[in-house]
Amino acid sequence: MEARAIARLAAALSEAAGADVQLDRPNDPEHGDYATNAALRLAPVRRRPPRQLAEELAAAARAVDAVERAEVAGPGFVNLWLGRSWFGEALDEILRVGRDFGAGSAARRERVQVEMVSANPTGPVTVASARNGAYGDCVARLLEFAGHDVQREYYYNDAGAQVERFRASVEARRRGDDPPADGYHGAYVDDLARLEGDPLPVMLAQIERTLERFRIHFDTWALQSELERELPQILDRLPTYEKDGALWVRSTDFGDTRDRVLIRSPERGALPTYEAADIVYLKQKLDRGFDRAIYVLGADHQDVRGWYAVVARMLGYEEPRVEVLLYQLVHLTRGGEKTRMAKRRGDVVFLDELMDEVGVDAARWYLVSRGPDQTIEIDVDLAAEKTQKNPVYYVQYAHARIAGILRNAGSAEVGAAPPGELAREERELVKRLLEFPALVTEATERRGPHAIPLYAIRVADDFHRFYHEHRVLGSGAQAFRLGLCRATQDLLARCLDLIGVEAPARM
RNA sequence: GCGCCUGUAGCUCAGCGGAAGAGCGGCGGCCUUCUAAGCCGUUGGUCGGGGGUUCGAAUCCCUCCAGGCGCACCA
């Protein structure tokens with residue numbers, strides 16, 4: 001989705017040129033407000049020199065109202081400069097929609113379930129799970145902003161071997177013994193041992209509290225034990241066979257890399273495997289009425305991606321309804337030395353500790369600012385120092401600065417029409433704001449929320465520059481500049497909200 | 001061995017078919033003016049190597065090198 005002001009301009013140019021004209025924002029301000037490579041694209045099709053086509057396109061562009069100047073440059077680019085009335089209309093468009101600027105890009109409203117975190121409740125939320133949550137929650141927020149109906153779900157194993165090991169570890173501490181070698185050893189096990197009863201619900205409640213603090217709210221919690229109860233009905237519909245006492249499914253018939261065990265052999269407890277529950281779970285998700293089921297998984301579960309596609313095929317669902325989002329792992333270093341993150345050993349950094357050290361805003365910002373395919377390295381010792389330099393404060397500061405101006409402005413008139421020629425900083429800021437609809441749409445479709453904080457830095461950048469060069473209150477352009485301020489503030493607040501970071505009015 | 005991901009400025013990373021970028025670091029400037037958590041200047045790159053496709057490649061294809069992560073009757 002493109003901002004209307006840009007879409008209208010592109011349409012007018014396309015009509016004048018008799019060809020599809022797409023607009024880009026050149027990096028170099030010398031290359032105009034917008035530029036198009038339409039002549040370069042067209043040259044091979046029309047078998048004509050690109051420069052010649054560009055000259056014709058430029059001539060046609062000059063006839064378009066909004067265009068003040070059009071020049072041919074380089075191998076066949078056409079650079080465009082726009083008049084002030086176009087900027088006024090563009091800002092007016094942004095102010096009219098306010099916080100909804102860029103929203104509603106979804107062609108069709110879908111019911112989407114995003115399942116995330118889903119760590120077994122055998123310990124506090126780790127930093128690795130925090131990335132899962134930060135990423136998944138931001139994807140969910142983007143989908144909601146696009147107009148979809150999104151549900152966040154947490155899935156956990158409440159009856160498997162790991163959970164039993166966890167319970168046994170707590171029991172051992174209660175007796176005054178050391179936990180078993182293959183059990184859990186963190187200090188949190190000692191804390192749980194001091195309480196009575198099943199430690200699982202306690203742990204689960206703590207996980208939920210941590211995630212709420214991290215600003216992730218789960219609508220539903222799914223239990224593996226409940227899914228397993230529905231397993232028998234599904235087994236008949238699958239191509240299963242027995243081998244070595246276990247029950248297997250012939251998933252290779254559906255393109256799997258190997259057949260999978262669904263029910264273990266008697267000597268291994270005859271219990272259903274995770275894969276068995278996966279099948280029931282997917283069926284249940286899609287039968288519950290979701291158009292799309294999104295799984296958020298760490299790269300150490302990458303083989304599961306292919307597996308879910310196989311499950312969808314076995315159950316007869318269209319594959320696009322199942323989507324697996326992978327993100328690379330988070331590595332922690334202490335003073336340059338790598339630390340392992342094994343929950344059972346207890347030498348981990350928990351999300352609560354990270355939030356204590358750097359704050360919720362910085363933690364979220366940090367975990368979502370990198371592309372999902374990029375491994376994140378956090379030096380725990382440097383994380384706290386990062387606070388003052390973190391770009392999150394740069395963006396929040398821009399928001400707070402604007403809030404200050406608007407407070408001082410009181411009920412002064414807010415307008416969109418520039419009273420005279422726009423200054424360079426004003427032009428750049430308006431064009432930056434106009435990038436948002438296309439950018440947020442792409443971030444949503446590509447499941448790449450990291451584009452949002454990076455864009456927010458650019459917006460803050462342009463605003464700080466504008467602020468530094470131009471006085472708002474008391475200037476001849478006060479109403480226009482107040483409009484620019486409000487539009488910028490709304491957009492920054494939107495960007496921060498999309499990544500779950502607060503937009504303070506004062507700092 | 002097979003599969004997925006990564007390799008862009010000293011460091012951390014964007015960009016993924018159209019005119020090489022940001023933050024941090026380094027160096028040097030700017031506060032009687034709506035918040036200096038700010039602004040400006042400067043320093044910095046055979047976009048891992050080699051082939052190919054294209055008018056045009058950091059971006060697509062092949063190959064090699066380096067690193068991370070997976071290929072269980074674990075979860």
Side-chain angles (χ1 to χ4, degrees), chain A residues 22 24 26-28 30-31 35-38 40-41 43-44 49-50 73-77 79 118-120 122 156-157 160-163 165 224 243-248 257-258 260-275 277 298-306 326-329 331 366 369-379 382 386-398 400-409 446 448 450-451 453-455 457-458 460-461 463-475 478 481-482 485 506-507:
Chain A
Q22 287 176 25
D24 295 312
N27 298 323
D28 188 342
E30 295 296 304
H31 296 152
T36 181
N37 59 13
L40 289 166
R41 289 182 179 285
F77 293 100
N79 298 333
S118 296
N120 278 342
T122 54
Y156 64 97
N157 184 355
Q162 292 302 326
V163 174
R165 231 167 260 164
Q224 187 179 328
K243 192 179 86 180
D244 304 329
L247 185 73
W248 297 66
T257 50
R258 61 173 203 279
R260 314 263 175 165
V261 172
L262 296 185
I263 297 178
R264 298 184 182 89
S265 58
E267 55 267 29
R268 305 212 188 208
L271 294 168
T273 58
Y274 243 69
E275 282 83 355
D300 53 338
H301 291 77
Q302 62 194 237
D303 58 314
V304 175
R305 189 205 289 258
L326 294 176
Y327 59 91
Q328 295 297 314
L329 303 180
H331 294 292
Y366 203 90
S369 288
R370 250 119 235 163
D373 288 336
Q374 201 69 236
T375 305
I376 294 182
E377 301 226 359
I378 301 178
D379 189 316
L382 289 176
K386 282 264 178 193
T387 307
Q388 291 307 313
K389 306 169 191 165
N390 198 306
V392 68
Y393 296 99
Y394 181 76
V395 174
Q396 289 181 318
Y397 185 55
R401 264 185 156 177
I402 299 172
I405 295 172
L406 293 175
R407 261 197 309 276
N408 293 337
R446 284 163 57 161
H450 63 289
L454 291 165
Y455 169 72
I457 291 172
R458 296 281 81 76
D461 217 10
F463 178 77
H464 284 309
R465 236 191 310 275
F466 159 77
Y467 176 93
H468 188 258
E469 288 299 316
H470 306 286
R471 176 93 200 160
V472 175
L473 300 177
S475 76
Q478 175 173 307
R481 287 179 181 165
L482 279 174
C485 283
R506 293 174 204 271
M507 284 176 77

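Residue numbers begin at 1 in each chain, while the letters A, B, ... track the order of the sequences. The basis for the numbers below is simple: all heavy atoms, side chains too, and nothing from hydrogens, waters or symmetry mates.
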If we take the [atom1] atom in both [N] and [M], what is their distance in whole Å?
{"N": "B/rC64", "M": "B/rG17", "atom1": "C1'", "answer": "24 Å"}
{"N": "B/rA14", "M": "B/rG45", "atom1": "C1'", "answer": "15 Å"}
{"N": "B/rG41", "M": "B/rG23", "atom1": "P", "answer": "11 Å"}
{"N": "B/rA58", "M": "B/rU46", "atom1": "C1'", "answer": "13 Å"}
{"N": "B/rG1", "M": "B/rG48", "atom1": "P", "answer": "24 Å"}
{"N": "B/rC61", "M": "B/rU54", "atom1": "C1'", "answer": "12 Å"}
{"N": "B/rG70", "M": "B/rU8", "atom1": "P", "answer": "23 Å"}

Under 4.0 Å, heavy atoms only, any strand: does [X] hit a base, just the sugar-phosphate, or nothing?
{"X": "A/Asn408", "value": "sugar-phosphate"}
{"X": "A/Leu473", "value": "base"}
{"X": "A/Ala35", "value": "base"}
{"X": "A/Asp24", "value": "nothing"}
{"X": "A/Gln478", "value": "nothing"}
{"X": "A/Ala451", "value": "nothing"}
{"X": "A/His301", "value": "base"}
{"X": "A/Arg268", "value": "base"}
{"X": "A/Gly371", "value": "sugar-phosphate"}

Distance below 4.0 Å between [X] side-chain N/O and [N] OP1 or OP2:
{"X": "A/Arg446", "N": "B/rC16", "answer": "yes"}
{"X": "A/Arg465", "N": "B/rC40", "answer": "yes"}
{"X": "A/Tyr366", "N": "B/rC13", "answer": "no"}
{"X": "A/Arg41", "N": "B/rU54", "answer": "no"}
{"X": "A/Arg481", "N": "B/rC34", "answer": "no"}

Should the side chain of A/Thr273 and the base of B/rC73 be counted as holding a donor-acceptor pair, with the cut-off at 3.5 Å? no
Is any side-chain N or O of A/Asp303 under 3.5 Å from a base N or O of B/rA72, one able to act as donor and the other as acceptor? no
Would A/Phe77 pass as stacked on B/rG18, i.e. its ring centre under 5.5 Å from the base's six-membered ring centre and planes under 30° apart? no
Would you say the base of B/rG38 stacks on A/His464 (centre-to-centre below 5.5 Å, plane angle below 30°)? no
Reading RNA chain B 5' to 3', what string of ( ), [ ], | and . shows its pairs, if Watson-Crick and G-U wobble pairs count only when both distances fall under 3.5 Å? ((((((((.[[[[.)..(..]]]]((((((.......))))))....[[[[[..)....]]]]])))))))....
Of all heavy-atom pairs linking A/Glu267 and A/Asp244, the shortest is OE2-O, 4.5 Å
Assuming nearest nucleotide by heavy-atom distance, tell me which of A/Arg258 and A/Ala299 is located more 5' along RNA chain B. A/Ala299
Identify, between A/Leu40 and A/Glu275, the residue whose nearest nucleotide on RNA chain B lies closer to the 5' end. A/Leu40
Review item, nucleotides 4-11 of chain B N/O atoms under 3.5 Å of protein N/O:
unit_1 : atom_1 : unit_2   : atom_2 : d
B/rC5  : O2'    : A/Gln328 : NE2    : 3.4
B/rC5  : O2'    : A/Asp373 : O      : 2.8

